[in-house]
Q: 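One structure coming up, written as structure tokens, with questions to follow.
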Amino acid sequence: MQYLSRDYTINLNVFRSDFQDCSDFLLQEITVSGGRAFLCVMDGLVDSLQLAKAVTVPLQHCVLEEDDGDARLDALRQTVIAAPEMNTANTFDDCYFFLMSGFAVLVTEDCATALAVGVQGWNSRMTEEPSNESNVKGAKECFVESLNDNKALLRKRLKTPRLKFRQLQLGTAMQTPVVLAYLEGTADSRTVQMTEERLKSFSLPTVQDYGCLEPYLNVGVYSLFSRVGNTERPDVFASKLLEGRIGVMVEGTPFVLYTPYLFTDNFSSLDDYDNPPFYASFIRLLKYFSFAISVLLPALYVAIGAFHQEVIPTALLYIIASSEATTPFSLMTEAILIHLLYEIMREGGLRLPKSIGHAVSIIGAIVIGEAMVSAGLIGEPMLVVVALTALASYVVYPLYETVAVIRLGLIVIAGMTGIYGLSLAVIALTVNICALGTGGVPYMIPLSPFRAENAGDTLLRKSWLAGKQRVTMKSFEVDDSE
């Protein structure tokens, strides 16, 4: 780490050397009250009008009586420059960080401290309707790539000084602004401190996206289920902070992370609290039922069809037997093959341009739905099972990636060991889920350990009149004896 020097020429040469061949780096030497100084900005990151009014013009007309370099810089900060956001920097790395963040950096003669003035003015995407978390009756705005805009969206909803934003700079080579957000007095202070320490242990050169930080927060027992949630909706994020969660906001991404993340969070949405309780409870139970179908239906069909045909009704058994008699593969091979083809079709439709993405679904329906059945490669009952599974997996979309991998594993186990091996696998999976937790909050609570006082808004949606207060994460914490 190289510190600024009191020698004006050394500072000037270091800046010019480090930013050689950087056409967007602008540096202008100026005279401030008879002393030498230089002002530098990054083109495209600053508001030129604001820079002129708040910095350039005041510097050209100021007259200072101070002779000492530090006193002159302090006088510039207090009486000359008219900007609400000003910071000091003692190292070249700090100066460069402020430059890349839209600040104007002023370095004066006989002073080892630079003044960074906030004159940000880059273009950012307008707030629009969320594309990944659609709601019928919820708000129609989402986070954007600008960290300051995201903080403003959140501050607009939570109008309290208890909403805290801790600024961090993560990255060993190129620092990225990251904000730790929480409600003071609602979030557990120990969990806040632990989360901050985990973020500061970040060891990669730079934060490319929010996914780089998730492994540093998702620590503990290994599992396919994540203990870190993400959302692009300010209203959802605000509700999580009101429950005592801790959020992580990253510059350059419209998604924010929050922890602790519970298993039951996958089955609730904002529409649940805008709809009548009876209908919201029905939809929530439907989601749990869909989750069970998406995980177990293909494996259960393979286990019963291969080892336990006696439990199938006679009429249905005849249909399955006649269909499978014409196919060359076993039930397990059919299930794995068609699921892999489905994932290929989904990935292809997801990555293609929107103008031609619909062609993938049409081709996939023809190939998988008609050609493979007509050719005798796949049985019709298996195609129905996979179609039902695919539809059910989209109902609980936050768990799609996890369910897709678990489903294939359970199909292999069911095809090799039958219903008994499948039962043991489900038990092992349940034990793994119940062993997860973050900051003293179990992943499966209030279902395991069961808390009757907190379970009213889990499987069913509690009425606003019945809920006297919002349940927070502190009420979910358990000790080692539970």
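What you see is a predicted model, and the numbers here were worked out from it, not measured in a lab.
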Q: Mind checking whether Val105 and Leu115 have side chains closer than 4.5 Å, heavy atoms only?
A: no
Q: Side chains of Tyr222 and Asn432: donor-acceptor distance under 3.5 Å anywhere?
A: no
Q: Working to the nearest 0.5 Å, report the span between CG of Leu242 and CG of Leu158.
A: 5.0 Å
Q: Do Tyr443 and Thr264 make a side-chain contact, defined as non-hydrogen atoms from C-beta onward lying under 4.5 Å apart?
A: no
Q: Under a 4.5 Å cut-off applied to non-hydrogen side-chain atoms, are Met42 and Phe19 in contact?
A: yes
Q: Would you call Arg157 and Glu141 a salt bridge, using N to O less than 4.0 angstrom?
A: yes
Q: Indicate yes or no: at least one non-hydrogen side-chain atom of Leu217 is less than 4.5 angstrom from one of Leu199.
A: yes
Q: Would you give the length of the straight line joining atom CG of Leu316 to atom CD1 of Ile304, rounded to the nearest 0.5 angstrom?
A: 10.0 Å
Q: Roughly how far, to the nearest 0.5 Å, is the OG1 atom of Thr327 from the CD atom of Glu380?
A: 11.0 Å
Q: Mind listing the closest non-hydrogen atom pair of Leu422 and Ala299 along with its distance?
A: CD1-CB, 3.9 Å
Q: Can you confirm whether Phe255 sits close enough to Asn150 that some side-chain heavy atom of one is under 4.5 Å from a side-chain heavy atom of the other?
A: no
Q: Please verify the inter-ring angle class for Tyr394 with Tyr397; under 30° counts as parallel, over 60° as perpendicular, anything in between as tilted.
A: parallel
Q: Could you state the interatomic distance from OG (Ser393) to OH (Tyr342), rounded to the nearest 0.5 Å?
A: 4.5 Å
Q: Would Tyr258 and Asn230 count as having a side-chain donor-acceptor pair, cut-off 3.5 Å?
A: no
Q: Indicate, with yes or no, if the rings of Phe307 and Tyr420 have centres closer together than 6.0 Å.
A: no
Q: Verify, without hydrogens or angle tests, whether Thr91 (side chain) and Asp94 (backbone) share a donor-acceptor contact under 3.5 angstrom.
A: yes
Q: Within the structure provided, determine whether Lys200 and Leu168 are in side-chain contact (heavy-atom separation under 4.5 Å).
A: yes
Q: Would a distance-only check, ignoring hydrogens and angles, find a side-chain to backbone donor-acceptor pair under 3.5 Å from Arg233 to Glu133?
A: yes
Q: Should the heavy atoms of other residues, nucleotides or ligands under 6.0 Å from NZ of Lys140 be counted, would the total exceed 12?
A: yes
Q: How about Glu145: does its CD atom have over 12 heavy atoms from other parts shown lying under 6.0 Å from it?
A: yes
Q: Side chains of His339 and Pro298: does their closest heavy-atom pair fall under 4.5 Å?
A: yes
Q: Phe25 versus Asp43: any side-chain heavy-atom pair under 4.5 Å?
A: no
Q: Arg162 side chain to Glu184 main-chain N or O, any donor-acceptor pair under 3.5 Å?
A: yes
Q: As a test of understanding, state which of Asp271, Asp274, Asn275 forms a side chain to side chain donor-acceptor pair (under 3.5 Å) with Lys137.
A: Asn275
Q: Hey, is CZ on Phe282 packed in by over 12 heavy atoms from elsewhere, all under 6.0 Å?
A: no
Q: State the CG-CZ distance between Leu154 and Phe143, to the nearest 0.5 angstrom.
A: 5.5 Å
Q: Please name the pair of heavy atoms, one in Leu331 and one in Ala306, separated by the smallest distance, quoted to 0.1 Å.
A: CD1-N, 3.8 Å
Q: Among Thr259, Asp265, Thr186, Thr191, which residue satisfies the side-chain contact (heavy atoms from CB on, under 4.5 Å) criterion with Arg245?
A: Asp265
Q: Take Glu214 and Ser226, measure what side-chain hydrogen bond (donor to acceptor under 3.5 Å, both in side chains) needs, and give me the verdict at the end.
A: CA-CA 9 Å; Glu214 188 169 344; Ser226 176; 2.9 Å; yes
Q: Out of curiosity, Phe98 CZ to Gln120 CD, how far, rounded to the nearest 0.5 Å?
A: 10.0 Å
Q: Within a radius of less than 6.0 Å around OH of Tyr279, do more than 12 heavy atoms belonging to other residues, nucleotides or ligands occur?
A: no
Q: Are Phe291 and Phe267 close enough that their ring centers fall under 6.0 Å?
A: yes
Q: Please identify which of these residues, Arg166, Arg190, Lys164, meets the salt bridge (charged side-chain N to carboxylate O under 4.0 Å, His left out) condition with Glu196.
A: Arg166
